[in-house]
Amino acid sequence: MREMKGKLKTKPNLAFKIRSMRLEDIPQIVELGRQERFQFPASSLKYWLTQDPDGMKIAVTESGEIIGSLFNIKNNERLYIGGVFCVQEKFRHLDVGRKLLQACDDHSEGINIGVNTDIHRVGPYMRRGVTVLETDWKSLEYETYTPVNPAILSDELPSGVEILAFQNSLLPAIYEYDYSLAGYERKSLIEASCHEENSRTLVAMKDGKCVGFGSIKLNIMEIGRIGPLYTDDPSVAEAMVKRLIPAMPEAKGFTTVTINTNLYANMVLEKLKIPIHSSLYRLYREERFHVDTKRVFAHFDIDFTPV
């Protein structure tokens, strides 16, 4: 047999297992997420671990190194959301991704799944039956690692609207507004988000009712991520962005995820001259999740929730 030099590539022999994430795994998950430039705050992992620990799957070697992750988290009785799908580059093509996908499929037991994915990962999801494409909109991820100057934005508010710093007494009004948008109860998620470490939340009120709310959080990349940002009025959204950015001076940059059909949301980011980092498509296994996208100026968190 002739020796084939430089042509034969062998896969490394690696033993790994798929298991649910634990609290002590979070530092490794954060480091893995940084390699892929994921934009979630580390505190989000702690919250979802309490809500659906078996939905957070990781691939771990015998030495304890986490080489991959994929979460498929129960949001309500009818919908799971998948995210944080990544495998260390040197361990790809070892069946890690397929086994993570299978473990997450088993967890959701045939119930509807929603995922946000770039064009390169649409194929793997579709091959596993997640084939219903959201055709009315897609998500746009804006990202910069340089300081952002919000002075160019308007701070003018509609008559009767005031923007308040979050306080616990505002939670019932925020719950009511969020339910009107999402269509199901997310009280524990909203409360956890408003109390999240390294975050600031503002609430727009008019005549005793919430007409919008928004947060900025320091994410694992140490930049400020605005999300959620929901409101009925574009001028309220712009004023909130103007106030949220300087509320986190320690941030080394800025990111947010808008919906491409919400032109007002994207105009705010264009004013700030923040570039689009990626376009994300929404796929479902069964049926689409319907939401009033005109009120969504920034996603809550694309890796964990539907809107």
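Only this structure's heavy atoms are used, side chains among them; waters, hydrogens and symmetry mates stay out.
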(message) With a 4.0 Å cut-off on N to O distance, would you call Arg98 and Asp95 a salt bridge?
(response) yes
(request) Could you tell me the separation between the CG atom of Asn75 and the CD1 atom of Ile111, rounded to the nearest 0.5 Å? (result) 12.0 Å
(request) Answer yes or no: is there a donor N or O on one side and an acceptor on the other, between the side chain of Asn198 and the main chain of Leu218, under 3.5 Å? (result) no
(request) Not counting sequence neighbours, which residues clear ring pair (Phe, Tyr, Trp, His ring centres under 6.0 Å) with Tyr80? List them please. (result) His107
(message) Looking only at the side chains, is there a donor atom on one of Ser279 and Glu141 sitting less than 3.5 Å from an acceptor on the other?
(response) no
(request) Tell me, yes or no, whether the heavy-atom count around Glu270 atom CD, taken from other residues, nucleotides or ligands under 6.0 Å, exceeds 12. (result) no
(request) For Gln51, enumerate each residue passing the side-chain hydrogen bond (donor to acceptor under 3.5 Å, both in side chains) test, keeping only those at least two apart in sequence or located in another chain. (result) none
(request) Return yes if a side-chain donor-acceptor contact under 3.5 Å exists between Ser235 and Asp233, otherwise no. (result) yes
(request) Give every residue pair that meets the ring pair (Phe, Tyr, Trp, His ring centres under 6.0 Å) criterion with at least one member in residues 220-241, sequence neighbours excluded. (result) Phe213-Tyr230
(request) Mark yes or no for whether Thr144, through its side chain, and Gly253, through its backbone, hold a donor-acceptor pair below 3.5 Å. (result) no
(request) Report yes or no: does Asn72 contribute a side-chain atom to a donor-acceptor pair with the main-chain N or O of Cys104 at less than 3.5 Å? (result) yes
(message) Applying a strict under-4.5 Å side-chain criterion to I, L, V, M, F, W and Y, I'd like to know whether Phe71 and Tyr284 cluster together.
(response) yes
(message) Tell me whether Arg92 contacts the main-chain N or O of Val87 through its side chain, where contact means a donor paired with an acceptor under 3.5 Å.
(response) yes
(message) Can you confirm whether more than 12 heavy atoms, excluding those of Glu250, are under 6.0 Å from its CD atom?
(response) yes
(request) State plainly whether one hydrophobic cluster holds both Val132 and Leu283, where clusters connect Ile, Leu, Val, Met, Phe, Trp and Tyr through side-chain heavy atoms under 4.5 angstrom apart. (result) no
(message) Looking at Met267, I want to see if its CE is surrounded by more than 12 non-hydrogen atoms of other residues, nucleotides or ligands under 6.0 Å.
(response) no
(message) Running the 4.5 Å side-chain criterion over Ile, Leu, Val, Met, Phe, Trp and Tyr, what cluster does Ile302 land in, apart from itself?
(response) Val257, Leu280
(message) With salt bridge (Lys or Arg N to Asp or Glu O under 4.0 Å) as the criterion, how do Glu238 and Lys271 come out once you've worked through the C-alpha distance, each side chain's angles and the decisive distance to 0.1 Å?
(response) CA-CA 10 Å; Glu238 184 167 348; Lys271 285 183 180 180; 2.9 Å; yes
(request) Flag yes if Ile18 and Leu49 sit in one hydrophobic cluster, no otherwise; membership is Ile, Leu, Val, Met, Phe, Trp, Tyr, and two members link when side-chain heavy atoms are under 4.5 Å apart. (result) no
(request) With sequence neighbours excluded, give me every side-chain hydrogen bond (donor to acceptor under 3.5 Å, both in side chains) pair touching residues 203-212. (result) none
(message) Show every ring pair (Phe, Tyr, Trp, His ring centres under 6.0 Å) that has at least one partner inside residues 148-181, sequence neighbours left out.
(response) Phe166-His195
(request) Using the rule that two of Ile, Leu, Val, Met, Phe, Trp, Tyr join whenever any of their side-chain heavy atoms come within less than 4.5 Å, decide whether Val268 and Val211 are in one cluster. (result) yes
(message) Enumerate the salt bridge (Lys or Arg N to Asp or Glu O under 4.0 Å) contacts for residues 165-185, please, sequence neighbours excluded, ordered by first and then second residue.
(response) Asp178-Arg186
(message) Has Asn149 got a side-chain atom pairing as donor or acceptor with Ile152's backbone, closer than 3.5 angstrom?
(response) no
(message) Quick check for you: to the nearest 0.5 Å, what is the distance between Phe289 atom CZ and Glu134 atom CD?
(response) 11.0 Å
(message) Taking the basic N atoms (NZ, or NE/NH1/NH2) and the acidic carboxylate oxygens, is any pair closer than 4.0 Å for Arg225 and Asp301?
(response) yes
(request) Check whether the side chains of Glu143 and Gln39 place a donor and an acceptor atom closer than 3.5 Å, and report yes or no. (result) yes
(request) Verify the distance criterion only: is there a donor paired with an acceptor across the side chains of Lys217 and Ser44 at less than 3.5 Å? (result) no
(message) Atom OH of residue position Tyr47 - does it have more than 12 heavy atoms of other residues, nucleotides or ligands inside 6.0 Å?
(response) yes
(message) Can a donor-acceptor pair be found, under 3.5 Å and without considering hydrogens, that links the side chain of Asn266 to the backbone of Asn262?
(response) yes
(message) Could you tell me if Thr131 and Tyr125 have a donor-acceptor pair between their side chains, going purely by distance under 3.5 Å?
(response) no
(request) Check for a donor-acceptor pair, side chain of Asn260 on one end and backbone N or O of Lys138 on the other, with a separation under 3.5 Å. (result) yes
(request) Please indicate whether Glu156 has more than 12 foreign heavy atoms, meaning atoms of other residues, nucleotides or ligands, lying under 6.0 Å from its CD. (result) no
Per-pair distances, 0.1 Å, donor-acceptor, side chain in residues 239-247, under 3.5 Å, sequence neighbours excluded:
unit_1	atom_1	unit_2	atom_2	d
Lys242	NZ	Leu153	O	2.7
Arg243	NE	Asp155	OD1	2.9
Arg243	NH2	Asp155	OD1	3.2
Arg243	NH2	Asp155	OD2	3.3

(request) Mind running salt bridge (Lys or Arg N to Asp or Glu O under 4.0 Å) on Asp232 and Lys294 for me, showing each step along the way? (result) CA-CA 8 Å; Asp232 298 346; Lys294 291 180 181 179; over 6 Å; no
(request) Could you pull out all residues at least two apart from Gln35 that satisfy side-chain hydrogen bond (donor to acceptor under 3.5 Å, both in side chains)? (result) none
(message) Among residues at least two apart in sequence or on other chains, which ones pass salt bridge (Lys or Arg N to Asp or Glu O under 4.0 Å) with Asp105?
(response) Arg128, Arg285
(request) Could you name each residue pair satisfying side-chain hydrogen bond (donor to acceptor under 3.5 Å, both in side chains) that touches residues 21-31, not counting sequence neighbours? (result) Arg19-Asp25, Glu31-Arg34
(request) Working to the nearest 0.5 Å, report the span between CG of Leu164 and OG1 of Thr201. (result) 12.5 Å
(request) Rounded to the nearest 0.5 Å, what's the gap from CZ on Arg121 to CG on Asn116? Could you check? (result) 12.5 Å
(request) Please check if Leu100 and Val115 belong to a single hydrophobic cluster, counting links between Ile, Leu, Val, Met, Phe, Trp and Tyr side chain heavy atoms closer than 4.5 Å. (result) yes
(request) Would you check, one step at a time, whether the test side-chain contact (heavy atoms from CB on, under 4.5 Å) holds for Ile119 with Tyr281? (result) CA-CA 7 Å; Ile119 192 65; Tyr281 296 89; 4.2 Å; yes
(request) Please collect all salt bridge (Lys or Arg N to Asp or Glu O under 4.0 Å) contacts where either partner lies in residues 39-62, sequence neighbours excluded, each pair once. (result) Lys46-Glu197
(request) Please round to the nearest 0.5 Å and tell me the distance separating atom CD1 of Ile216 and atom OG1 of Thr255. (result) 10.0 Å
(request) For Ile113 and Ser108, work out which heavy atoms get closest and say how close. (result) CD1-OG, 3.4 Å
(request) Drop me the distance from Thr258's OG1 to Leu229's CG, to the nearest 0.5 angstrom. (result) 10.5 Å
